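First the proteins, then the strands, lettered A, B, ... as listed; each starts at 1. Computed from a prediction, not measured in an experiment: that's the story for all the values here.
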2 protein chains.
Amino acid sequence: MADTSVKPPFKITPVVFHVLLAMSEGDAHGYGIMQEVEKRTEGSLKIGPGSLYFTLNRLLEVAMIKEGAGAATDDARRKYYRLTEYGRAVLESELRLLSDIVDLAREKAVLRDEGVA
Amino acid sequence: MADTSVKPPFKITPVVFHVLLAMSEGDAHGYGIMQEVEKRTEGSLKIGPGSLYFTLNRLLEVAMIKEGAGAATDDARRKYYRLTEYGRAVLESELRLLSDIVDLAREKAVLRDEGVA
DNA sequence: AATTGATATATCAGTAATGGATATACTACA
DNA sequence: TGTAGTATATCCATTACTGATATATCAATT
């Protein structure tokens with residue numbers, strides 16, 4: 001079993017987590033991340049430009065993300081970012097933690113199943 | 001299908017979430033919550049007394065939790081709390097959101113399975 | 001080609017949340 | 001009876017976040 005625990009240099013807050021997750025599929029740009037996170041969390045997490053660009057810069061500094069390129073980018077203003085291996089490791093580590101917590105909660109039947117096959 | 005979305009009067013941060021979750025099994029007291037959360041999150045979330053008692057008081061104010069009683073309480077100093085129905089609804093709502101995100105991430109294979117039967 | 005609204009990045013200030021220090025007191029045990 | 005651990009509580013410095021603001025570009029309409 002591989003050791004998947006990674007110690008990031010700062011706390012992986014919900015904002016940081018969702019920014020990383022938004023890039024897990026491929027290159028993403030700031031504005032798109034803002035919109036996707038709000039949609040994905042059903043509005044419960046809205047990342048303002050302040051948090052977003054602060055977070056992106058910090059992720060760049062510690063090389064969890066790097067500059068990327070949007071496939072056939074139309075809009076020249078967009079800046080695309082992508083996960084580095086390190087960034088993906090951090091994301092996976094965090095996700096695994098989250099996954100364990102969800103599993104635990106399910107065991108406790110905090111979540112009462114509704115139609116989970 | 002019941003509408004499980006609940007709109008809490010403040011943000012359900014990781015600290016708030018874990019405090020609620022710690023009470024999902026039954027009555028819990030502050031110090032115990034601090035320890036359990038640190039253990040459960042493998043040390044990645046340490047709730048200091050400042051956050052803890054601030055959080056507990058706020059949860060009491062909005063009636064997500066209420067005072068409880070430890071079964072045959074030995075230590076008289078302990079103050080036990082338990083979830084109200086409202087508190088449990090908030091917890092379930094948040095958990096479902098988290099669960100969906102974890103599922104989504106799994107679909108994307110951000111989490112590469114290792115021995116998931 | 002000018003106007004307009006949405007897109008997009010960026011910074012800043014005010015607010016909210018958190019962590020750590022500190023205080024106080026009780027418990028258990030040697 | 002001393003001391004380490006348990007337990008609640010408050011305060012303050014730090015950190016994180018939100019929302020306002022600024023600036024500029026793009027797309028669509030006219």
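At least one donor-acceptor pair closer than 3.5 Å links the side chain of D27(B) to the backbone N or O of A69(B). Formation of a donor-acceptor pair under 3.5 Å by the S93(A) side chain with backbone atoms of A89(A) is not found in this model. For T55(B) (side chain) and S51(B) (main-chain N/O), a donor-acceptor pair under 3.5 Å exists by modelled atom type. A donor-acceptor pair under 3.5 Å is absent between the side-chain atoms of R82(A) and the main chain of K66(A), judged by distance alone.
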Exercise for the section: Summarise protein proximity over nucleotides 4-15 of chain C in one line of letters, 5' to 3': B for base, S for sugar-phosphate only, - for none, counting protein heavy atoms closer than 4.0 Å. Expected result: ---BBBBBB---
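Both Y86(B) and F17(B) belong to a single network of hydrophobic side chains, linked directly or stepwise wherever heavy atoms of I, L, V, M, F, W or Y lie under 4.5 Å apart.
Rounded to a whole Å, the CZ atom of F10(B) is 17 Å from the P atom of dC17(D). Atom pair E61(B):CD and dA16(C):C1' shows a separation of 15 Å (rounding to whole Å applied). In this entry the distance linking NE2 of H18(A) with P of dT18(D) reads 11 Å, nearest Å. If you take CD of E38(B) and C1' of dG19(C), they are 12 Å apart, rounded to a whole angstrom. Straight-line distance from the CD atom of E36(B) to the P atom of dA7(D): 13 Å, rounded to whole Å.
The overall bend of the helix from dA1(C)-dT30(D) to dA30(C)-dT1(D), read as the angle between its terminal helix axes built from five base pairs each, is 30° when rounded to 10 degrees.
Cation-pi geometry between R78(B) and Y31(B) is not met at under 6.0 angstrom from the ring centre and within 45 degrees of the axis.
Phosphate contact (OP1/OP2 of dT18(D), side-chain N/O of K11(B), threshold under 4.0 Å): present. Phosphate contact (OP1/OP2 of dC17(D), side-chain N/O of T13(A), threshold under 4.0 Å): present.
E25(B) and K108(A) are joined by a salt bridge, as a carboxylate oxygen and a charged side-chain nitrogen come within less than 4.0 angstrom of each other.
Listed by first and then second residue, the salt bridge (Lys or Arg N to Asp or Glu O under 4.0 Å) pairs that reach into residues 35-49 of chain A are E36(A)-R40(A), sequence neighbours excluded.
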